[in-house]
Amino acid sequence: MIDLAQLRREPEFVKTALARRGVDFSTMDEIIALDVEHRRLLQEAEGLRAEVKEFSRQVGEARKNKESAKADELAAKSRNLGDHEKLATQQLDAVAEELREKLLLIPNLPAPDVPDGQDENDNVETRRWWVGMDEGATFPTYAEYQRVPHWDIGIELGILDLESGAKLAGSMFPLYRGAGARLVRALGFYALNSHIADYEEIRPPSFALTETMMSTGHLPKSVDDMYAIERDDLWAIPTAEVPLTSMNRGEILDEEQLPVRLTAQTACFRREAGAAGRDTRGLLRVHEFDKVELFAYCTPDQADAAHADILARAEALLQVLGLTYRVLDLCTGDLGTSSARTVDLEVYSPGVDRWLEVSSVSWFRDFQARRANVRYRTAAGTTAFVHTVNGSALAWARIWAALVETYRQPDGSVKLPDVLAPYMGDQLVITKKAS
RNA sequence: GGAGGGAUGACAGAGCGGCCGAAUGUACCGGUCUUGAAAACCGGCGUGGGCUUGCCCACCGUGGGUUCAAAUCCCACUCCCUCCGCCA
């Protein structure tokens, strides 16, 4: 949620910033008008209420003094005023609700240094990394035997069974088997272990209340991308960001506690309604995947460092897995609703010859904290909204694809990076027989 | 799924229709005392909103209702605790 007080204080600044991401001035003008109306009605209703309260007090006094005629008279006056108050409050509530609904749909202000752009094509690539780059190696060339898509490798080695997944839950619900299943488990285990010295490990519920989904900004805007369990008013979480951001909902933290750093691996559920028919093959885009998320509540001063740390951790994992990747600075047109700034990491997957998004590291300023009402007490004793920062490290379905394609051997087997040995039962080579 | 009990400020815990935004204690902050500290004593000490900045309004799990007036009465829901049933 944007700061209404700021909109009131510097409307032109806010409007200009939001225009960069496609919110037109008229929308903001409507909100400003509603705000003025809201405050007018608020004053009216509160004034009436104050009068009612005063009369009520006098009724009580009269009753105590056994002046029952006077008390009845005052009560009648108060009742009359109360009717007016009720009416004014109804109008007030209606305007407040309209204002709230409009406000919930307004995205966050982009940070000043976010590049302008329409869509993902305007994202700015800031750098690339590949094995041996620091030693002067040129961008890797990939052999013919690495140019096989992971869905073919999966079938060949018996480690990915999309047909069974489709049979059970429909298309785009992958089913891994044998060494393929173990690989998913290994990646999550390895990644979590690399974070838990600095981030508290959380295992949250996989479903969340509507209120929880509102806090992160996934609702109301992205309803169609969420799986709903209507009977119980629950939603399947699209990312661990949802439960983690709401862990301290409605609370006031001590400044010394910050930054609060959390990590969790969860299944992530996405309907991908807007992307129907796109990237339907293999693991490029799936309805359910496992992801390790890193998250922090922090002060505004700590936000930069927190963001940098999460990005560094995601990159470190990619590097240790030996995957080629690039770093993108998301443009205003591709920024998520709640984000002020986002950096994406995309791995290069040679079999499909595509860059695949595997991490998104975002800084939300106080946008989510305002919705979730998470504050902290400053040293001066005042309260302020925390900043939230989060990022994936990493999303495993696409990593899985990039790994099997990158590490496919001339004989068709796949030889996984050494770091995974402890988690793969020392079985790093996946062959047809072994799986 | 059934029966009962509960939800009040950072915490503990009163209040059960009329200056109650809420006693009291603890914690916390400031002061007196002290070489210093502790103790003792004095004062302060919830969150948010509006505007004429001093006042007003809201908030006692959540949402409705009754009343001139609700933390207090009524209804529904949520969560926690105890017991019974079922169960991985």
Side-chain angles (χ1 to χ4, degrees), chain A residues 1-9 31-104 203-215 229-235 243 246-258 260 297 366-386:
Chain A
M1 186 111 67
I2 60 163
D3 182 3
L4 198 53
Q6 187 193 13
L7 177 62
R8 227 175 267 156
R9 209 167 46 238
I31 287 176
I32 291 169
L34 274 172
D35 176 47
V36 170
E37 176 69 356
H38 176 252
R39 277 181 294 157
R40 186 184 71 74
L41 289 167
L42 186 66
Q43 283 173 52
E44 187 186 326
E46 286 190 349
L48 286 167
R49 202 168 306 142
E51 286 188 68
V52 169
K53 284 180 70 167
E54 175 57 23
F55 273 121
S56 293
R57 200 188 58 77
Q58 288 176 23
V59 172
E61 211 167 90
R63 286 244 190 282
K64 205 176 346 175
N65 298 335
K66 307 268 194 265
E67 303 169 292
S68 87
K70 187 181 173 193
D72 288 344
E73 188 188 325
L74 285 165
K77 271 188 188 168
S78 183
R79 191 182 309 128
N80 184 31
L81 266 174
D83 290 342
H84 289 214
E85 186 268 343
K86 202 170 254 180
L87 216 71
T89 301
Q90 274 170 17
Q91 289 177 46
L92 174 68
D93 289 347
V95 171
E97 181 57 23
E98 196 183 345
L99 178 61
R100 194 183 114 83
E101 275 171 19
K102 286 217 156 65
L103 221 41
L104 279 174
R203 173 63 215 221
S206 302
F207 302 111
L209 299 168
T210 299
E211 192 186 348
T212 309
M213 299 287 285
M214 287 278 187
S215 298
I229 297 155
E230 286 180 39
R231 193 164 71 157
D232 299 294
D233 186 31
L234 287 170
W235 303 81
S246 284
M247 283 237 328
N248 292 81
R249 187 165 67 216
E251 294 178 18
I252 300 178
L253 307 168
D254 284 328
E255 187 165 7
E256 309 94 73
Q257 288 177 257
L258 301 174
V260 171
Y297 291 117
D366 59 3
F367 188 89
Q368 293 180 326
R370 199 176 289 282
R371 288 184 171 217
N373 195 23
V374 183
R375 290 168 293 172
Y376 70 100
R377 196 173 300 283
T378 63
T382 58
T383 58
F385 288 106
V386 299

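Residue numbers start from 1 in every chain, and the chains themselves are labelled A, B, ... in the order their sequence lines are given, proteins ahead of strands.
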(message) Contact list please: residues 44-64 of chain A against RNA chain B, heavy atoms, distance less than 4.0 Å, in numerical order.
(response) A/Glu46, A/Arg49, A/Ala50, A/Lys53, A/Ser56, A/Val59, A/Gly60, A/Arg63
Name each donor-acceptor pair under 3.5 Å that joins a side chain in residues 94-103 of chain A to protein atoms two or more places apart or in another chain, with its distance.
none

(request) Could I get the full list of side-chain contact (heavy atoms from CB on, under 4.5 Å) partners for A/Ala372, not counting sequence neighbours? (result) A/Ser215, A/Arg249, A/Val374
(request) Using heavy atoms and a sub-4.0 Å distance, could you list which residues of residues 248-256 of chain A are near RNA chain B? By number, please. (result) none
(message) What contact category does A/Arg40 fall into here, base, sugar-phosphate, or nothing, at under 4.0 angstrom with non-hydrogen atoms?
(response) nothing
(request) Check the distance between B/G63's C1' and A/Asp233's CG and give it to me in whole angstrom. (result) 14 Å
Collect all protein-nucleotide pairs involving nucleotides 51-55 of chain B in which both atoms are nitrogen or oxygen and the distance is under 3.5 Å.
residue	atom	partner	partner atom	Å
B/C51	OP1	A/Arg39	NH1	2.6

(message) Under the salt bridge (Lys or Arg N to Asp or Glu O under 4.0 Å) definition, can you give me all pairs with a residue in residues 42-51 of chain A, not counting sequence neighbours?
(response) A/Arg40-A/Glu44, A/Arg49-A/Glu85
(request) Measure the distance from CG on A/Leu74 to P on B/U67 and round it to the nearest whole Å. (result) 18 Å
(request) Remember a base hit wins even if backbone is also touched, and classify A/Leu42 as base, sugar-phosphate or nothing at under 4.0 Å, heavy atoms. (result) sugar-phosphate
(request) Apply side-chain contact (heavy atoms from CB on, under 4.5 Å) to A/Asp366 and list each qualifying residue two or more places apart in sequence or on a separate chain. (result) A/Arg370, A/Phe385, A/His387
(message) Give me the distance, rounded to whole Å, that separates B/G61 from B/A14 when you measure between the P atoms they each carry.
(response) 15 Å
(request) Between B/A69 and B/C16, how far apart are the C1' atoms? Round to whole Å, please. (result) 16 Å
(request) Pull out every residue in residues 78-93 of chain A that has a heavy atom closer than 4.0 Å to any atom of RNA chain B, ordered by number, or say none. (result) A/Ser78, A/Arg79
(request) Quote, to the nearest angstrom, the C1' distance that separates B/A22 from B/U47. (result) 14 Å
(request) Using the P atoms only, state how far B/G46 lies from B/A23, rounded to an integer number of Å. (result) 10 Å
(request) Quick one: list whatever passes side chain to side chain donor-acceptor pair (under 3.5 Å) with A/Ser68, sequence neighbours left out. (result) none
(message) Can you list everything that forms a side-chain contact (heavy atoms from CB on, under 4.5 Å) with A/Asp93? Sequence neighbours excluded, please.
(response) A/Thr89
(request) Whenever both distances are under 3.5 Å in a Watson-Crick or G-U wobble pair, mark it; put RNA chain B into dot-bracket that way, with [ ] for crossing pairs and | when the partner is on another strand. (result) ((((((((.[[[..)..(.....]]].(((((.......))))).((((((..)))))).[[[[[..)....]]]]])))))))....
(request) Report, as a single string ordered 5' to 3', how protein heavy atoms within less than 4.0 Å touch nucleotides 70-75 of chain B: B base, S sugar-phosphate only, - not at all. (result) ------
